[in-house]
2 protein chains.
Amino acid sequence: MTAKRNTPQKAAVKHALGEATGFVSAQQLHQTLKKHGSTIGLATVYRTLADLALAGEADSLQSKEAEVLYRACTTSHHHHLICRECGLTLEIEAQKLEKWADEVAGEHGFASPSHNIDIFGICKACQSGK
Amino acid sequence: MTAKRNTPQKAAVKHALGEATGFVSAQQLHQTLKKHGSTIGLATVYRTLADLALAGEADSLQSKEAEVLYRACTTSHHHHLICRECGLTLEIEAQKLEKWADEVAGEHGFASPSHNIDIFGICKACQSGK
DNA sequence: GTCTTATTGACAAAGGTTCTCAATAAGACT
DNA sequence: AGTCTTATTGAGAACCTTTGTCAATAAGAC
């Protein structure tokens, strides 16, 4: 069996991802880690994030600037409400929505439906903040 | 005022985008255009597509492979049901959904809500086809 | 402690996209 | 038609994120 090993690097990435508020890029995480004294390599950050995303311990999201953003999250299926200014992220559930999406797919004869649903806006703090 | 000019290149990109079924990448469009004898530059294709997207004459979408896909579309707001196999794309409307997304944003104090909603699946043809 | 091998980190590709800039040509004005 | 201004083009370089390479390291098992 593929024996996974626990390394300080993986723990560091996990921790840094947990500390971050909202979504962060692999590059940002790498910078943060180095700033805190780590000598971790960029490739390792990418590899670890990909693993976490695969394991369902992190959510990934394509930003408009063509980079992938990650965020620590619960493993259950959910969507996001994201502030365009500060990156604040709320997890939202939507049973109705899941059902709706699957229904629409079914109506048109599509099998194995999946979906991308993310809502963006400006959060309260950023509206009043400046 | 910024005076836009009408060039054969822009017309060519528009036309090629209209001919394409489903979403295509800038690179694909560029290949297609060259295959048809055009000497258009890659940068021009990118620029034109960005303009079209801005003008609401084309829809853009981030693929999983980190490239941006474009598609000619009606200017009204809508979402997509996309086949993962062949790229067949249906435009779908969802008044309820729009309302729901805005409500969720409002409930959490978010202003200027917008959203990304795309549904993926395997279309009928691809299910039976092979 | 020793051994095996998953993992690391530095660097080098590999994409997609944007920038640069001289050359071209669209539209306006005669 | 001819001239002028300047938006636009095309070729390539530059940029950025991401993935691959590979010798060196160290985690876990014995």
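Residue numbers start from 1 in every chain, and the chains themselves are labelled A, B, ... in the order their sequence lines are given, proteins ahead of strands. Just so you know, these numbers come straight off a predicted model, no measurement behind them.
Using modelled atom types, one finds no donor on one side chain facing an acceptor on the other under 3.5 Å when comparing B:Tyr70 with B:Glu57. With hydrogens and angles left out, the side-chain atoms of A:His80 and A:Asp59 include a donor and acceptor closer than 3.5 Å. Between the side chains of B:His79 and B:Glu98, a donor-acceptor pair is found at a separation under 3.5 Å. Between the side chains of B:Arg71 and B:Ser60, not a single donor N or O lies within less than 3.5 Å of an accepting N or O.
Residues A:Ile40 and A:Ala66 each lie close to DNA chain C; by heavy-atom proximity, the contact nearer the 5' end of the strand is made by A:Ile40. Residue-to-nucleotide proximity on DNA chain D shows that, of A:Leu69 and B:Ser38, the 5′-proximal contact is made by B:Ser38. Both B:Asn6 and B:Tyr46 lie near DNA chain C, and the one whose nearest nucleotide falls closer to the 5' end is B:Tyr46.
Atom-to-atom, CD of B:Gln27 to P of C:dG15 comes out at 10 Å; the value is rounded to the nearest Å. The nearest whole Å value for the distance from the NZ atom in B:Lys64 to the C1' atom in D:dT17 is 17 Å. For the pair B:Gln62 CD and D:dC16 P, the computed distance is 18 Å after rounding to whole Å. Atom CD in B:Glu67 sits roughly 16 Å away from atom C1' in C:dT18 (whole-Å rounding). The distance from atom CG of B:Leu49 to atom P of C:dG16 is 14 Å, rounded to the nearest whole Å. If you measure from atom CG of B:Leu61 to atom P of C:dG16, you get 16 Å, rounded to the nearest angstrom. Put simply, CG on B:Leu42 is 18 Å from P on D:dC15, counting in whole angstrom units. Here the P atom of nucleotide C:dG15 and the CD atom of B:Gln31 are 13 Å apart, to the nearest Å.
The A:Thr7 side chain lies nearest to C:dT8 when the options are C:dT8, C:dT17, C:dA26. Checking C:dG16, D:dT9, C:dA10 against the side-chain heavy atoms of B:Lys10 singles out D:dT9 as nearest. Of the candidate nucleotides C:dA26, C:dC19, D:dA27, D:dA27 has the atom nearest to the side chain of A:Pro8. With D:dT8, C:dT17, D:dA11 as the choices, the nucleotide that has an atom nearest any side-chain atom of B:Lys4 turns out to be D:dT8. Comparing C:dT20, C:dT8, D:dT8 by their nearest atom to the side chain of A:Gln9 picks out C:dT8. The side chain of B:Arg5 approaches D:dT5 more closely than any other nucleotide in the set D:dT18, C:dA10, D:dT5.
The side chain to side chain contact (heavy atoms under 4.5 Å, CB included) test with A:Glu93 singles out one residue from A:Gln95, A:Lys96, A:Glu91, and that residue is A:Gln95.
Secondary-structure stems of DNA chain D, taken as three or more successive Watson-Crick or G-U wobble pairs (i with j, i+1 with j-1) under a 3.5 Å distance threshold, comprise C:1-30 with D:1-30.
Contact record, A:Phe23 with A:Gln28: O-OE1, 4.4 Å, taken as the closest heavy-atom pair.
Below the 3.5 angstrom threshold, one finds a donor paired with an acceptor across the side chain of B:Arg47 and the base of D:dG10.
Proximity of B:Ile82 to B:Leu61: side-chain heavy atoms (C-beta onward) are separated by under 4.5 Å at one or more points.
Residues satisfying the side chain to side chain contact (heavy atoms under 4.5 Å, CB included) test with A:Thr32, not counting sequence neighbours, are A:His36.
Side-chain N/O atoms of A:Thr44 include one lying less than 4.0 angstrom from OP1 or OP2 on C:dG9. A close approach under 4.0 Å does not occur between any side-chain nitrogen or oxygen of A:Ser25 and OP1 or OP2 of D:dT17.
Looking at heavy-atom distances under 4.0 Å, B:Glu65 makes no contact with the nucleic acid at all.
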